[in-house]
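Right, one structure below, let's go through it.
Letters A, B, ... are given to chains in the order of the sequence lines, protein chains preceding strands, and every chain is numbered from 1.
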Amino acid sequence: MALTAKYNAQTVEEKWYSYWMEQGFFHSEVNDKEPYTIVIPPPNVTGVLHMGHMLNNTLQDVLIRRARLKGYNACWVPGTDHASIATEAKVVAKLKEEGIEKDSLTREEFLEHAWKWTHKHGGIILEQLKKLGASCDWERTKFTMDEDLSKSVIKVFVDLHNKGKVYRGYRMVNWDPQAKTTLSDEEVIYVEKQGNLYYLNYKIEGSEDTLTIATTRPETIMGDTAICINPNDGRFAHLKGKKAIVPISNRVVPIIEDEYVDVEFGTGCLKVTPAHDENDKMLGDKHNLEVVDIFNDDATLNSFGMHYEGKDRFVVRREIVKELEELGALVKTEQHTNKIGTSERTGAVIEPKLSDQWFLNMKELAQPALDAVLEKEVNLVPEKFVNTYRHWMENVRDWNISRQLWWGHQIPAFYYGDGKEEYVVAETMEEALAIAQEKSGNNQLQLTDLKQDPDALDTWFSSWLWPISVFNGILEPDNEEINYYYPTNDLVTAPEILFFWVARMIIAGYEYRGEKPFNNVYLTGIVRDKQRRKMSKSLGNSPDPIELINNYGADGVRVGMLLSSPAGNDLMFDEDLCKQGSGFVNKIWNAYRLIDGWEVSKTEKATEASTIAITWYKSKFQKVLATIEDHYSKYRISDALMSTYKLVWDDFCSWLLEMVKPAYGKPIAAETYNEVIGILENNLKILHPFVPFVSEEIWQHIAERTPEEALIVSEWPKTETIDEQLIKDFDFAAEVISGIRTIRKQKNISFKDAISLSVINNENSSTQFNAVIEKMGNVSALNNVDTAVDGALTFRVKSNEYFIPIEGAIDVEQEIAKLTEELSYTQGFLKSVQKKLSNERFVSGAPEKVVAMEKQKEADALAKIETIKASLAGLQ
RNA sequence: GGGCGCUUAGCUCAGUUGGUUCAGAGCACUUGGUUUACACCCAAGGGGUCGGGGGUUCGAAUCCCUCAGCGCCCA
């Protein structure tokens, strides 16, 4: 079969991906081999593939493909996440477009819409991942709301409740007024915003005096129930025990004292609104203040807002400032920047709100998970994240796990009465009824008397079980699969979700398996554009990944993603990287085209150059293989790629193939050809994790292969001994060849013109590469000589001196200048070495090895100086 | 405000316990090369006071102090 001149990525990629699928190479079953497991960070069902997924999943595929080649039973479990808030928001928006309000639907009706939406969009990302070449075990695809996974979530909730870890509490929570739900602390993003600081006068009861407070939120004055001063602040001693009158509402509120107040900030007088600020709530509890909640769930004002009732908080802010100004209560307005909490999902400004929510007590649960990372049971890569992790875990706060949403796992709490405590928690309604009858002492209770808590659980409360629940390890804790695949090996994810997800998975792992969920966590960087901006849909600075694959091929994009993504460092993505990637693929392809085009002769003898070249490459390959293994062991995937890239491009293509290449029109010895094919096959194996498609394509071209012989399931190259001396000798020869090329370029000697080369072999260097030097330098004859050759261009490698006689006159002046410069540099170098060696403290203080090396340097320099001096003498 | 980290070539980054050619790689750049795999190519080359200053040491990109700039996490 003739090879196309241009590599056609698209057809090749489709062909081999379906072949791999048909042969079931991605599928894993429990067997006798050692498992290697990865669970995918499940993408949201709302999502489309973005560059972060590309990076993340490329890395996972590299790891899983390499594990497969190394003979592990490789299992990569894919799946998706139901993403409560995001999905519900999307469905609500879609319904709105169709003129349907969520409120007009029953829960069941709404969920029907949500499921429909999920079935339509949920699998998009997974389908897109196939284009990238992801070798997931698609037969194992899971969804966080699958029946068994849902049951696992409910079981865990009930279990934690029975253990007293899950509790219901009336707390200040983060309220997203757009999604109309609470958020966990982790879902709040603080952003710096330019705002105003308003100075307002409050009258003091029974006097004409006023006091001045400073606030960023004048719209909350309707909720003020106190003014607070610092007892140590002499300025306000006269206010002690008095009362103040809140403007507009004219509510009379006490003036309390607390050292919490920052004397430096604002005026030193603080208005206290316990219903709408966490710190104020704390003051309110301490001083027994009234709590006045002035907001509706959508952050419009309620009846406490008086004539502002029904208006949005930000509208009210503008209007109330005007009114306060008219009343003469506004003293001044200053510009002020502060950090404002916003919703991770909707971007809405968070409103602190008091409400009943479900919480998970984290302190004790977190302890084993903290120890696991500190003791390196679980490795975070890069290690710098350990500190961040420790800090979060040591200061972990209780987790608000309830969400005022329908899409998700409904909380299995059932109320049998109107009292706050009149509820039971159980996995099923029937169980709930039995417990309720017992708890209430009322045997007459019916199923219809039970009302389930309408709230859903935080999405992360299901995904924290992911590494366990995908193997059904919660419902059947002793099943064969969980025992075999768990703990998984590596997790690849973004540092952004270290707390949201990774930490909580570790917690759940220890709580429900008594064991870590994974050995290593590889935290990738964030994909940014060239201007260091995070790639996002809203900025429109993210290329379409599928478009990229169409343009550069999946292999090209994979290489492009990996080229510049050291662990934990952000990746400044540039489409040129994909271009470089596809350039590499093209290079590999063309190297094979060259080999494939050779006429093979059984009678032709292997040339001396090709024999030594092949021996050399095998050693070089082993050396680089060891380096690559080391990089992988440290999760330095881009370094592993770069080592492979240079091995294939430089050592294989530029050196080996050029050294064994037969002269134009000549056949190649069968012996040499077979060796080169063997070498190529090993190259393809180490290339495969990075460029699975082109490597399989070439592999299958080389020979007819049975399915069992496919590259994807072949064997990773064995390590063999490395002949270091041979590699050194080659490097020396390469320097000689480089010297010849430099002279050719300087003197404008075309490569087509053969030259003769003489050497004074002061180094006593190996001559086994002489045939290579002749071939690669187009040298007609390589002679050993004892004395300098007259009328020749010269260069030196170490203390070896090389002569290239040329027709016509040598520019003696230029040669002398060149030599003089080289001489003075070497003399300077010698001087510094000798200075070191004559330093008594160096010789006695430094290790023997280091001193010996310095002595070697001295000897080398002395020898080199001799040869240069001799050459100079010859010229003058 | 508290904690962590970063600063090395034009760009993106390596550089392990201080000690071989340790001042590096890839890209970009400059120059030359196209009948014979690849111009998505080949070959050669230029380029850095290792953020500034101070210290420890025989020896510092590497350890310590300090200043400046940047980033992340938490409140």
Please report the distance separating the [atom1] of [N] from the corresponding atom of [M], rounded so that it comes out in whole Å.
N	M	atom1	result
B/A60	B/G54	C1'	14 Å
B/U8	B/U49	C1'	12 Å
B/G2	B/C58	P	39 Å

| request: Do nucleotides 1-8 of chain B as a string where each nucleotide becomes B, S or -: B if the base has a protein heavy atom under 4.0 Å, S if just the sugar-phosphate does, - if no protein is that close. | output: ---S----
| field | B/S/- contact track for nucleotides 26-34 of chain B, protein heavy atom under 4.0 Å | value | SS---B---
Measure [atom1]/[X] against [atom2]/[N] and give the value in whole Å, please.
X	N	atom1	atom2	value
A/Phe499	B/C72	CZ	C1'	10 Å
A/Glu854	B/C22	CD	C1'	13 Å
A/Gln746	B/A44	CD	P	12 Å
A/Ile526	B/G71	CD1	P	13 Å
A/Tyr552	B/C40	OH	C1'	11 Å
A/Lys857	B/U20	NZ	P	7 Å
A/Arg528	B/U12	CZ	P	13 Å
A/Asp277	B/A75	CG	P	15 Å

| Of A/Ala591 and A/Trp649, the one whose closest RNA chain B nucleotide lies more 5' |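 The residue whose closest nucleotide sits nearer the 5' end is A/Ala591.
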| request: Map A/Asn590 and A/Ser738 onto RNA chain B by nearest heavy atom, then report which one ends up closer to the 5' terminus. | output: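 It is A/Asn590, whose closest nucleotide lies nearer the 5' terminus.
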| message | According to ring-ring contact (aromatic ring centres under 6.0 Å, His included), who are the partners of A/Phe621, at least two apart in sequence or on a separate chain? | response |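 Counting only residues at least two positions away or on another chain, A/Phe621 forms no ring-ring contact (aromatic ring centres under 6.0 Å, His included).
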Proximal nucleotide (of [options]) relative to the [X] side chain:
X	options	value
A/Lys587	B/A75, B/C38, B/U21	B/C38
A/Ser654	B/A37, B/G45, B/A43	B/A43
A/Cys653	B/C13, B/C74, B/A37	B/A37
A/Arg636	B/C40, B/A37, B/G15	B/G15

Should the heavy atoms of other residues, nucleotides or ligands under 6.0 Å from [atom1] of [X] be counted, would the total exceed 12?
X	atom1	result
A/Lys855	NZ	no
A/Glu383	CD	no
A/Lys666	NZ	no

Answer yes or no: is there an ion pair linking [X] with [Y], defined by an N-O contact shorter than 4.0 Å?
X	Y	answer
A/Lys634	A/Asp630	yes
A/Lys798	A/Asp860	no
A/Lys281	A/Glu278	no

| said: Is a donor from one side chain sitting under 3.5 angstrom from an acceptor on the other, for A/Gln725 and A/Asp729? | reply: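 Short answer, yes.
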| message | Under 3.5 Å, is there a donor on one side chain and an acceptor on the other for A/Asp651 and A/Tyr617? | response |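 Distance-only check fails for A/Asp651 and A/Tyr617.
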| task | Starting at the 5' end of RNA chain B, write a dot or bracket for each base, bracketing those in Watson-Crick or G-U wobble pairs whose two distances are under 3.5 Å and using | for partners on another strand. | result | (((((((..((((.....[....)))).(((((.......))))).....(((((..]....)))))))))))).
| field | Inter-residue atom distance A/Glu13.CD - A/Asn550.CG, 0.5 Å rounding | value |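 Rounded to the nearest 0.5 Å, the CD-CG separation comes out at 9.0 Å.
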| field | Partners passing side chain to side chain donor-acceptor pair (under 3.5 Å) against A/Tyr645 (at least two apart in sequence or in another chain) | value |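 Per chain and number, A/Tyr645 pairs via side chain to side chain donor-acceptor pair (under 3.5 Å) with A/Gln580.
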| said: Using the side-chain contact (heavy atoms from CB on, under 4.5 Å) criterion, which residues pair with A/Lys646? Sequence neighbours excluded. | reply: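 Residues passing side-chain contact (heavy atoms from CB on, under 4.5 Å) with A/Lys646: A/Met642, A/Asp650.
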| said: Taking atom types as they are modelled, would you say the side chain of A/Glu658 forms a donor-acceptor pair with the base of B/A43 within the 3.5 Å cutoff? | reply: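 Under the 3.5 Å cut-off, the side chain and the base do not form any donor-acceptor pair.
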| task | Indicate yes or no for a side-chain donor-acceptor contact from A/Arg171 to the backbone of A/Asn400 under 3.5 Å, with no hydrogens or angles considered. | result |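 Such a contact is absent between A/Arg171 side chain and A/Asn400 backbone.
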